[in-house]
Novice: 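Pasting in a structure now, in structure tokens, and then I'll have a few things to ask.
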There are 2 protein chains.
Amino acid sequence: MSTSRPRRRIPEASVARLPIYLQILIEQADGGVLNISSEGLAELAGVNAAKVRKDLSYLGSYGVRGVGYEVDYLIFQIRREMGLDQDWPVVIVGGGNLGQALAGYGGFSGRGFPVGAIVDNDPAKVDTVVGGVRIRHLDELDTIVSGTGIAIGVIATPASAAQEVADRLVAAGITSILNFAPTIVTAPSRVSVRTVDLAVELQILSYHEQRRANLRSGTRTGGRGTGLGPGSATLKRGATA
Amino acid sequence: MSTSRPRRRIPEASVARLPIYLQILIEQADGGVLNISSEGLAELAGVNAAKVRKDLSYLGSYGVRGVGYEVDYLIFQIRREMGLDQDWPVVIVGGGNLGQALAGYGGFSGRGFPVGAIVDNDPAKVDTVVGGVRIRHLDELDTIVSGTGIAIGVIATPASAAQEVADRLVAAGITSILNFAPTIVTAPSRVSVRTVDLAVELQILSYHEQRRANLRSGTRTGGRGTGLGPGSATLKRGATA
DNA sequence: CATTGTGAAGCGTTTCACAGCC
DNA sequence: GGCTGTGAAACGCTTCACAATG
């Protein structure tokens, strides 16, 4: 019974929004809402209604003209299309601050990504328990991956270790990587890599913040003029922890 | 003379990449590299060289034909344009797992975003110390913001509290919000909001993971795990053809 | 007749390709 | 000669607008 098949390729921009719709739809379903229009969903998601319709159209024609979409059915379809009708256990590499937070944070397990394993190369961390999972040694990665079929690795190490860790994850058979280290990691094209750099997000905000400040004061900030010398740019060199 | 500001608006897509170039340039400078070509920078950033040149051109004409870009000078210019020639202290709302990790994570303070304050509404958490900062009560937000001039708020609460927290941040005078709660938060247009939903990132990976699995086998693998994930959707409705 | 699904226009981003300059 | 800076082409995403339809 091949349940599969609207196998068209969904544009990346839409793929990034479907989880957001899903989240909203689940909330609505919990609240007892049975149907929703593209307009209503758009409002809740903070986007344009036409965009919602186009996004949903990539899943198939699951709406009813004049009525809207059946919430439960849409949830089912998005889950199926996104591969969220199964759990995807992850292995977290790095038992430091961030790794511990990720392991303890219910947001992973609660949404279908249970923490299957945590590894670290620091013997002092090995065998401590975080979020109910015992930290194992990085060298056990191969065993863990082949033994559990885990497909997704999360890098929560310092930037300096990230590429090596990525290489080891790939060698162990991981096919998707979520990288929280503030550095680019590369992998063979068969492996998906996404990098989330928390400081980059703040830096983007900083740009807008600064731009508003400049607009308010009308003129350019007198501050540092022609200064060729990074006299002040010598500030903190990122001691990426 | 007159190094007046290149007051043009930088496209968002470029704004999002400049911090990445900056990171790389700082590493290069630390390694003693004095000059870099768009080609070299592109390689390190994992993007196309023309893109690098176009991105940098929004800052002004800071390259030298036939030679490349002076690393230190470029660092200085990107910092200036992004508003990173000053620190932007942040206030973290939520002293739970994620809030603690963010506070302890050197990646914020180390890159110009020191944690100026942490607040929580749980009396049990108030006065505990995280990452060297004492948690204060949420109600002190106004005092904190007006007293310190903090402009950026980080939401690290459960989804259910996020919108209310956002409202309070805005009321307190915050003008940029980085939201880690898995929900949309809205704010007046004068306030910048960015949402980082860690589970969404994993869900995007899931899509690609699942897509690869389907391509390999043609039909859906039974896989491990639960048939239907968490949540309440029980309704399935017939085949999907 | 409210609302979907979708061609087509509009717009921002990426990439090409080469003139301009050191 | 080598590399930047940038018009122009190509691309992908968003939005419009409306015919299709339960």
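Chain naming here is simple, since letters A, B, ... match the order of the sequence lines and numbering starts at 1 in each.
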Novice: For a quick test of reading the model: is some side-chain N or O of N35(A) closer than 4.0 Å to OP1 or OP2 of dT3(C)?
Specialist: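 For dT3(C), OP1/OP2 do not have a side-chain N/O of N35(A) under 4.0 Å.
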Novice: Find which nucleotide of DNA chain C each of V67(B) and I36(A) is nearest to by heavy atoms, and output the residue with the more 5' nucleotide.
Specialist: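 Closest to the 5' end, via its nearest nucleotide, is I36(A).
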Novice: Once you round it to whole Å, what is the distance between P of dT3(C) and CG of L74(A)?
Specialist: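 Nearest whole value for this atom pair: 16 Å.
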Novice: Side-chain N or O of R53(B) less than 4.0 angstrom from OP1 or OP2 on dG20(C)?
Specialist: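 No, because none of the side-chain N or O atoms of R53(B) sits under 4.0 Å from OP1 or OP2 of dG20(C).
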Novice: Using whole Å, what does the distance between atom P of nucleotide dA17(C) and atom CD of E39(B) come to?
Specialist: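 It is 15 Å, rounded to the nearest whole Å.
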Novice: Just compare dT15(D), dT13(C), dG5(D) and give me whichever is closest to any side-chain atom of K51(A).
Specialist: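 It is dT15(D).
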Novice: Measuring from the side chain of A50(B) (C-beta onward, heavy atoms only), which nucleotide among dC13(D), dA8(C), dA17(C) has the closest atom?
Specialist: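 Selected nucleotide: dA17(C).
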Novice: Without decimals, in angstroms, what is the distance between Y58(B) OH and dG12(C) P?
Specialist: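 Going from OH in Y58(B) over to P in dG12(C) covers 11 Å.
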Novice: For R111(A), is there an ion pair with D197(B) - N to carboxylate O distance below 4.0 angstrom?
Specialist: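 Yes, D197(B) and R111(A) are salt-bridged.
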Novice: Could you verify whether a donor N or O on one side chain and an acceptor N or O on the other, from Y207(A) and Q203(A), lie under 3.5 Å apart?
Specialist: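 No, Q203(A) and Y207(A) have no side-chain donor paired with an acceptor closer than 3.5 Å.
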Novice: Between P on dG2(D) and CG on L41(B), what's the gap in Å once rounded to a whole number?
Specialist: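 Rounded to whole Å, this separation is 20 Å.
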Novice: Over how many whole Å does the gap from E12(B) atom CD to dT14(C) atom P extend?
Specialist: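 After rounding, the gap between these two atoms is 12 Å.
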Novice: For D55(A) and for G66(A), find the nucleotide of DNA chain D with the closest heavy atom, then tell me which residue's nucleotide is more 5'.
Specialist: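 Looking at DNA chain D, the more 5' nearest nucleotide goes with D55(A).
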Novice: Do the side-chain N and O atoms of Q163(B) and T183(B) include a donor-acceptor pair separated by under 3.5 angstrom?
Specialist: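 Their side chains do not contain a donor-acceptor pair, so the 3.5 Å distance test is not met.
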Novice: Please report, rounded to the nearest Å, how far the P atom of dG22(D) is from the OH atom of Y73(A).
Specialist: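 Computing the Y73(A):OH to dG22(D):P distance gives 15 Å.
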Novice: What is the distance, rounded to the nearest whole Å, between atom OH of Y62(B) and atom C1' of dC3(D)?
Specialist: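 Computing the Y62(B):OH to dC3(D):C1' distance gives 19 Å.
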Novice: Below the 4.0 Å mark, does dT4(C) have OP1 or OP2 next to a side-chain nitrogen or oxygen of S38(A)?
Specialist: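 The answer is yes; a side-chain N or O of S38(A) sits under 4.0 Å from OP1 or OP2.
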Novice: Does a side-chain N-to-carboxylate-O contact under 4.0 Å join R17(A) and D55(A)?
Specialist: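 Between D55(A) and R17(A) there is a salt bridge, with a charged N closer than 4.0 Å to a carboxylate O.
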Novice: Counting side-chain heavy atoms from C-beta on, which of dG5(D), dT3(C), dC13(D) comes nearest to P11(A)?
Specialist: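 Out of dG5(D), dT3(C), dC13(D), the nucleotide with an atom closest to P11(A)'s side chain is dC13(D).
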Novice: Has Y69(B) got a side-chain N or O lying under 4.0 Å from the OP1 or OP2 atom of dG5(D)?
Specialist: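 Yes, such a contact exists.
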Novice: Considering only heavy atoms and no angle criterion, is a donor-acceptor pair shorter than 3.5 Å present between the side chain of R65(A) and the base of dT3(C)?
Specialist: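 No such pair is found, so the answer is no.
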Novice: Y69(B) and N35(B): side-chain donor and acceptor closer than 3.5 Å?
Specialist: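 There is no such pair (donor and acceptor under 3.5 Å, judged by atom type) between the side chains of Y69(B) and N35(B).
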Novice: Rounding to an integer number of Å, can you tell me how far Q77(B) CD sits from dG5(D) P?
Specialist: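 Spelled out: CD on Q77(B) to P on dG5(D) is 12 Å.
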Novice: With respect to the side chain of K54(A), which nucleotide from dG22(D), dT6(C), dT6(D) is positioned closest?
Specialist: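 My answer, after comparing the listed nucleotides, is dT6(C).
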Novice: A13(A) has a side chain; which of dT14(D), dT4(D), dT13(C) sits nearest to it?
Specialist: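 Among the listed nucleotides, the one closest to the side chain of A13(A) is dT14(D).
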